[in-house]
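A quick write-up on the structure given underneath.
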Protein chains: 2
Amino acid sequence: MARTAHASSAVPETAGSFPVTVDVVALTVRAGALHVLVVDRLLEPFRGQSALPGGFVLPGETLEQAAGRELEEETGLTVPARATGAGPWHLEQLRTYGPLGRDPRGPVLSVAYLLLAPAFGLPAAGGDAAEARWVPVGEEDERLAFDHGQILADGVERARAKIEYSPLAAAFCPPEFTVAELRGVYEAVWGTQVDARNFHRKATGTPGFLEPTGRLGGGGPGRPAELYRLAPGVDPTAAVLHPPLLRPVSPGRAAPSA
Amino acid sequence: MARTAHASSAVPETAGSFPVTVDVVALTVRAGALHVLVVDRLLEPFRGQSALPGGFVLPGETLEQAAGRELEEETGLTVPARATGAGPWHLEQLRTYGPLGRDPRGPVLSVAYLLLAPAFGLPAAGGDAAEARWVPVGEEDERLAFDHGQILADGVERARAKIEYSPLAAAFCPPEFTVAELRGVYEAVWGTQVDARNFHRKATGTPGFLEPTGRLGGGGPGRPAELYRLAPGVDPTAAVLHPPLLRPVSPGRAAPSA
DNA sequence: ACAAAAGTGTTTTGTCTACACCCATGC
DNA sequence: GCATGGGTGTAGACAAAACACTTTTGT
């Protein structure tokens, strides 16, 4: 460990030192449903079980670097460097779990990250590494290793809440997309139906959200839709949609009555 | 470190091991203004500078336990055990910072916590420990040690956003309080004026928020106000105010225009 | 009596929802 | 032409801001 010789400026001996892992809740929308990326573990503990991609932080790297590296090693996914800023991808810290009672090997701290990504095929799925695959959220009942079930639940709830107030739903879309595609993201993440007409008005009418490209997209039946991109100069992490796009009230979200 | 003899089930040797600290953003409302608790550092690094209370996590304790222990050691403050559940106090995890470039002693991870507490005097301020004191948020420009300025900013923003949707503003109040006291909390945390009449109707009309005690409080001039307490059986961490109490729109909060 | 603060009623204004309707394309 | 989905207009329900007004205390 990097400890200086200065007695007055060293980490005290009584301080604990902990192995730290990063685990990534990688979400995407495929075929109208929210999916999460899981891997099959090749090593103990929890060998053979599914888990979120992740692993130990190495000396000299940041947490974000560790998250990107583990994701690439275990799933072949390369996270764009700017995923933490503007652009279709989005990587943000979720929260930290541990260190007690979550790893049979001993006290381990885990810093969880949330990745929102457009749909795409997995490179080299089923290669020599552990198989990585997208599973629909809600069908991962095959128990996840460690406390990854809890981490996944926290990540999904964060994503659901966040797209109400931020332009982050666009992180699930390709760089250019139609309003219908964006609406599909909301419906998939929230698991609800959204009125297409009102959504169109609200999404296009929100300042600082969408910018028309002028081009048309969509080859299916019906009138072709206009293509939009995220408004330029907007940091999806910090920007606030005003007014927000609120998910329909469900009984579970109301405050409990006394 | 707790590593088993099982070669197949041990933390890999290449994994880094990091000292971990907890730092606490303790906020309260005094005299109509939001205050944060800071201590003066007696040891290097940053000796003599102000810092958020906090310190190293010891082996065998949880992060929450470490946060409570450090707070008590450095400020004499005893955090009620149930601060993470119902009750006037509230302690929640904020986020994790590091490990690189934030501590001159080397890579150190810091898990920050947010504590919302009612106003009270500090026991033994200026005793043999480092002096702990409340400073108004915005006047702590005396630069804080480490990255504590950033942590404080994140904590304040979290508090501001959270009281919109949760009953957590009550964490700043004594167990029984008047609607005016509660309104004072909102005004202090948001730094805005709130219409007393509309606030009263909204706060008392929100199901699952306030419960009248029947008693009266307030000895000042004017009609005495009814005393309320948080509605029983409500977990302030999880409960959602519906509809939310929205802070007045300020130009800075709107989405940036293209 | 007066000031001050609590609490209620009412008006105005805006926003959300639901749905009727037109537009543009594939077949 | 007709089905399908994109996009606009509009009326009613609903909630929020603004503020007049009554109530209840201290001085």
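In what follows, chains are A, B, ... by sequence order, proteins preceding strands, each numbered from 1. All values derive from a computational prediction rather than experimental measurement.
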Distance check needed: [N] [atom2] versus [X] [atom1], whole Å only.
{"X": "F199(B)", "N": "dA5(C)", "atom1": "CZ", "atom2": "P", "result": "17 Å"}
{"X": "E226(B)", "N": "dT23(D)", "atom1": "CD", "atom2": "P", "result": "16 Å"}
{"X": "L246(A)", "N": "dA16(D)", "atom1": "CG", "atom2": "P", "result": "11 Å"}
{"X": "L210(A)", "N": "dG7(D)", "atom1": "CG", "atom2": "P", "result": "11 Å"}
{"X": "E181(A)", "N": "dG7(D)", "atom1": "CD", "atom2": "P", "result": "12 Å"}
{"X": "L227(A)", "N": "dG6(D)", "atom1": "CG", "atom2": "C1'", "result": "13 Å"}
{"X": "K202(B)", "N": "dT8(C)", "atom1": "NZ", "atom2": "P", "result": "17 Å"}

Atom pairs, protein N/O to nucleotides 9-12 of chain C N/O, distance under 3.5 Å:
{"unit_1": "dG9(C)", "atom_1": "N7", "unit_2": "R201(B)", "atom_2": "NH1", "d": "3.3"}
{"unit_1": "dG9(C)", "atom_1": "O6", "unit_2": "R201(B)", "atom_2": "NH2", "d": "3.0"}

>> Categorize A196(B) for me: base, sugar-phosphate, or nothing, with a 4.0 angstrom heavy-atom threshold over every strand shown.
In response: nothing
> When the aromatic ring centroids of F177(B) and F172(B) are compared, is their separation below 6.0 Å?
Replying inline: no
>> Quiz question: by atom type and distance under 3.5 Å, do the side chains of Q150(B) and Y97(B) form a donor-acceptor pair?
In response: no
>> For R133(B) and S50(B), which I'm curious about, is there any donor-acceptor pair between the side chains at under 3.5 Å?
In response: yes
> Does Y228(A) use its side chain to pair, donor to acceptor, with the backbone of G214(A) at less than 3.5 Å?
Replying inline: no
> Reckon H200(B) has a side-chain N or O less than 4.0 Å from the OP1 or OP2 of dG7(C)?
Replying inline: yes
>> Against the six-membered ring of F199(B), is R201(B) placed for a cation-pi contact (under 6.0 Å from the centre, within 45° of the normal)?
In response: no
>> Please find the pair of heavy atoms, one from L52(A) and one from H148(A), that lie closest to each other, and give the distance.
In response: N-ND1, 3.0 Å
> For A159(B) and L27(B), which heavy atoms make the closest approach, and how far apart are they?
Replying inline: CB-CD1, 3.9 Å
>> Strictly below 4.0 Å, N to O, side chains only: are E157(B) and R247(B) in salt-bridge contact?
In response: yes
> Mapping T204(A) and D195(B) to their closest nucleotides on DNA chain D, which lands nearer the 5' end?
Replying inline: T204(A)
> Does the side chain of L91(A) reach to within under 4.5 Å of the side chain of W89(A), using non-hydrogen atoms?
Replying inline: no
Show me the protein contacts with nucleotides 23-27 of chain C, counting only N or O atoms at under 3.5 Å.
{"unit_1": "dC23(C)", "atom_1": "O2", "unit_2": "R223(A)", "atom_2": "NH1", "d": "3.4"}
{"unit_1": "dA24(C)", "atom_1": "N3", "unit_2": "R223(A)", "atom_2": "N", "d": "3.4"}

